[in-house]
Amino acid sequence: MNQVIEILNDKQREAALTIDGPLLILAGAGSGKTRVLTNRAAYMISDCDVRPWNILAITFTNKAAGEMRERIDALVGEDAENIWVATFHATCVRILRRYIDKLGYDTNFTIYDTDDTVTVMKDVCKRLQIDTKQYSPKALLSTISKVKNEMMTPEDYLADAPWDYGRQQFCKTYAEYEKTLQKNNALDFDDLLLKTVALFQSQPEVLNYYQDKFLYIMVDEYQDTNTVQFELIRLLASKHRNICVVGDDDQSIYKFRGANIRNILDFEKVYPDAKVVKLEQNYRSTQTILDAANSVIKQNASRKDKALWTDKGAGNKVHFHQFDNAYEEAEFIADDIAGKRRRMEARYQDCAVLYRTNAQSRLLEERMIMEGIPYDVVGGVNFYGRREIKDILAYLKTIDNARDDLAVRRIINVPKRGLGATTLARIQDYALSHELSFYDTLGIADQIPQVAKAAGKIKPFVEMIETYRSKLPYLTLEQLIGDILKRTEYIENMDVADDVELQTRVDNIDELINKVIAFQDEHEDATLSQFLEEVALVSDIDNVDADADRVMLMTLHSAKGLEFPQVYIAGMEDGLFPSYMNITSDDPSELEEERRLCYVGITRAKDDLTITCARSRMIRGETQYNAVSRFVKEIDPALLDGSVPKTRVRETDIPGPSMSTYGREMAKSKPYASSPAARNAYAKPYIATAAGAGKTTAKSNVLTKGTDILDQKAPLDYGVGDTVRHIKFGTGVVEQINDGGRDYEVSVNFEKYGMKKMFASFAKLQKV
DNA sequence: CGTACTAGTCTTTTT
DNA sequence: GACTAGTACG
């Protein structure tokens, strides 16, 4: 049997060897699901004569996609490049760029992010004279998203309750919103999926093409799919039925984004002939941590029965501490991490602090800074959501897609060109009544009586954009951005409160330029459209650099799929986690989702788990007094230690203010500038985290899903200069071996295939 | 037209 | 408590 298959355990192997027909892999936390998926793909190619281009592997994050590709690459070699590994959204974009003209859009459509759609919606409300006090744009959008995810048009939705006035109003805005997007040649995130399904439904020959292309389909994190995603997969798989989905119903935490847990729970109903394999051996955590996770999750009623086990020992008890306030909690966590490091029990990068809400990061950050602990915050304000970044991207979008009104309107007066609201409103009215785009209207401003006198200010702008358009083929993206900044004197004209803010913004712009450079390095003939597309589809977690020795701070949601030796879950209080909204909800499934989130958090820990909470904390400017989280009480007390101390046990040799002093100080004074990242010498500013992101994302080791089994780094029986054999590449000479922490990265010069870099544990190189 | 203040908002958020 | 968007004023 193939070595790729041999290294799997019985259940994993059974899953990997099942190639044909529907397959559901119920993969508990840390059970090596990524390994099963990658080895399954490798097995198909090397042993079953499956062509790589007939395989589609779908994930939710770019990071997961990158990792999967890399690991398949290492197993099967360059053929793997033809496997289609991508996120749902990226997959759809790729298909739509080819065929969306059949639906009446331009193939260079723009993708609107959440901020963009809010702007559009505000506009729509104004136009339809909707009272935004009664229907907030955000709430409208969230309903639209839900309705869209159920694949209902405004007409469909209205048909359910045509007499309902509120629904009439809503459907009117929904329809107008859709119209606006279409006019702007723009798609929102939901549309990417929806339009692809629409394309498949209306164009049988396109669907047929992709059905015959993707003979084998794999979907990761299946518990998080929504109705449209389900339909997309169903359509693609309906002809050949080789559909393999992997997931864990206990880790479904995105219901609020439309994820439908029934997709995984009912898989066997949709595919009665489905084979089901349960992966229950956990390779990540100690028995104690698993027991704690199990004791929590078993309180949930609607779940598939599972029993995770491990052959790791019991390990440490789960530590639990309650503090008087959140400052003390933060201080304890920072001290504890510092202590572990001093005692050489852990490196910074082995530690992660998880919390329910992003706002909780601030206190933790402040304390990390005080103690000189390097850290990275994942999430919070998205890099691409920052004002200066959005501005520059709006310039690029304007140059790229003339129909993207939103982008044009964002920058028409940034930097200030002396155009006021009235002028812009007149242009907007004219554009609307004459069915012109905003940009085209700018071009004929001198012929419009009401705005003719502002035409002198508008003309240079239009000319500038036109110049860039004509020069586009001769400029690199880097040159283009540089020139825009120079010509518009963007930085000089930024209005900033102080030097710190100026520096942050300039740094962010620098970082954007770094990203552009990295992007061009990777894609030789990179176009502007491609860059904008990549940017539209990345998230914060994609840029995490796991190689840096830094503590990670992130929400429980962001932590899904990651693992750390030392995990802290902070703010375990009723009202915060589970959140107030879920406690008061009359829908019990809301609380179950919170419990799953808790389960996800606990199962991130490999060796040691610490749970903390505070009796009081400031939430939204108000001090709240919270009880210990009900989830903590669900953990078998025999698994816990350090229960509820009145005073903190402190590392005696740590200098610094006593805790109570610190708490009081922090409570009234604010020694730092507003943005922790901006003034933190220890925290790598966002910039640095993401620097060269294109290169670092894929190679992260510590954070990868399923590195679990590979913890022990086996010594290599070959060295530099030795000749080795690879299953796929044949023989070659080892040129270089790098110690990548968890694994060796080996560079081999193959006789037939040339230089390849691969991870030793995957490559299974044999010394010849 | 641009600035300065005030009022409202604020879970989570793979894309 | 912090940030942003909207409005009133100069």
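Residue numbers begin at 1 in each chain, while the letters A, B, ... track the order of the sequences.
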Categorize A/T59 for me: base, sugar-phosphate, or nothing, with a 4.0 angstrom heavy-atom threshold over every strand shown.
nothing
Contacts under 3.5 Å, N or O only, protein and nucleotides 2-4 of chain B:
from: B/dG2; atom 1: OP1; to: A/G418; atom 2: N; distance (Å): 3.4

Return the value, rounded to whole Å, for the distance between atom CD1 of A/I619 and atom P of C/dA2.
15 Å
Determine yes or no for a side-chain-to-main-chain donor-acceptor pair under 3.5 angstrom, with A/N413 supplying the side chain and A/K416 the backbone.
no
What residues form a salt bridge (Lys or Arg N to Asp or Glu O under 4.0 Å) with A/R262, not counting sequence neighbours?
A/D266
Just the rounded figure in Å: distance from P of C/dG1 to CD of A/E366.
12 Å
Between A/T423 and B/dC1, is there a side-chain N or O to OP1/OP2 distance below 4.0 Å?
yes
Euclidean distance, atom CG of residue A/N149 to atom P of B/dT14 [Å, nearest integer]:
15 Å
Which residues satisfy the side chain to side chain contact (heavy atoms under 4.5 Å, CB included) test with A/A455, sequence neighbours excluded?
A/A445, A/D446
Whole-Å distance separating the CZ atom of A/R410 from the C1' atom of C/dT4
12 Å
Residues at least two apart in sequence or cross-chain that pass salt bridge (Lys or Arg N to Asp or Glu O under 4.0 Å) with A/E592, listed by chain then number, are none
What pairs with A/T422 under side chain to side chain contact (heavy atoms under 4.5 Å, CB included), at least two apart in sequence or on another chain?
none
Please state how far atom CD in A/E622 lies from atom P in C/dA2, giving the value in whole angstrom units.
15 Å
Within this structure, what is the CD-to-P distance between A/Q360 and C/dA2, rounded to whole angstrom?
16 Å
Do the ring centers of A/F60 and A/H89 come within less than 6.0 Å of each other?
no
Under the ring pair (Phe, Tyr, Trp, His ring centres under 6.0 Å) rule, collect the residues that match up with A/F109, sequence neighbours excluded.
none
Roughly how many Å is it from CG in A/D190 to C1' in B/dT14, rounded to a whole number?
13 Å
What protein N or O atoms touch nucleotides 10-13 of chain B N or O atoms at under 3.5 angstrom, if any, and at what distances?
from: B/dT11; atom 1: OP1; to: A/R620; atom 2: NH2; distance (Å): 2.9
from: B/dT11; atom 1: OP2; to: A/R620; atom 2: NE; distance (Å): 3.3
from: B/dT11; atom 1: OP2; to: A/R620; atom 2: NH2; distance (Å): 3.2
from: B/dT12; atom 1: OP1; to: A/N358; atom 2: N; distance (Å): 3.0
from: B/dT12; atom 1: O4'; to: A/R356; atom 2: NH2; distance (Å): 3.1
from: B/dT12; atom 1: N1; to: A/R356; atom 2: NH2; distance (Å): 3.4
from: B/dT12; atom 1: O2; to: A/R356; atom 2: NH2; distance (Å): 2.2
from: B/dT13; atom 1: OP1; to: A/T555; atom 2: OG1; distance (Å): 2.4
from: B/dT13; atom 1: OP2; to: A/N358; atom 2: ND2; distance (Å): 2.8
from: B/dT13; atom 1: O2; to: A/R257; atom 2: NH1; distance (Å): 3.2

Return the set of residues passing salt bridge (Lys or Arg N to Asp or Glu O under 4.0 Å) with A/R426 (not counting sequence neighbours), or none when no residue passes.
none
For A/R604, all residues meeting salt bridge (Lys or Arg N to Asp or Glu O under 4.0 Å), sequence neighbours excluded
none
Using the side chain to side chain contact (heavy atoms under 4.5 Å, CB included) criterion, which residues pair with A/L103? Sequence neighbours excluded.
A/I100, A/Y105, A/K195, A/A198, A/L199, A/S202
Using the 3.5 Å cut-off, write out each protein N or O paired with an N or O of nucleotides 8-10 of chain C and the distance between them.
none

Applying side chain to side chain contact (heavy atoms under 4.5 Å, CB included) to A/N108 and not counting sequence neighbours gives A/D106, A/N185, A/N401
Return the value, rounded to whole Å, for the distance between atom CG of A/D188 and atom C1' of B/dT14.
16 Å
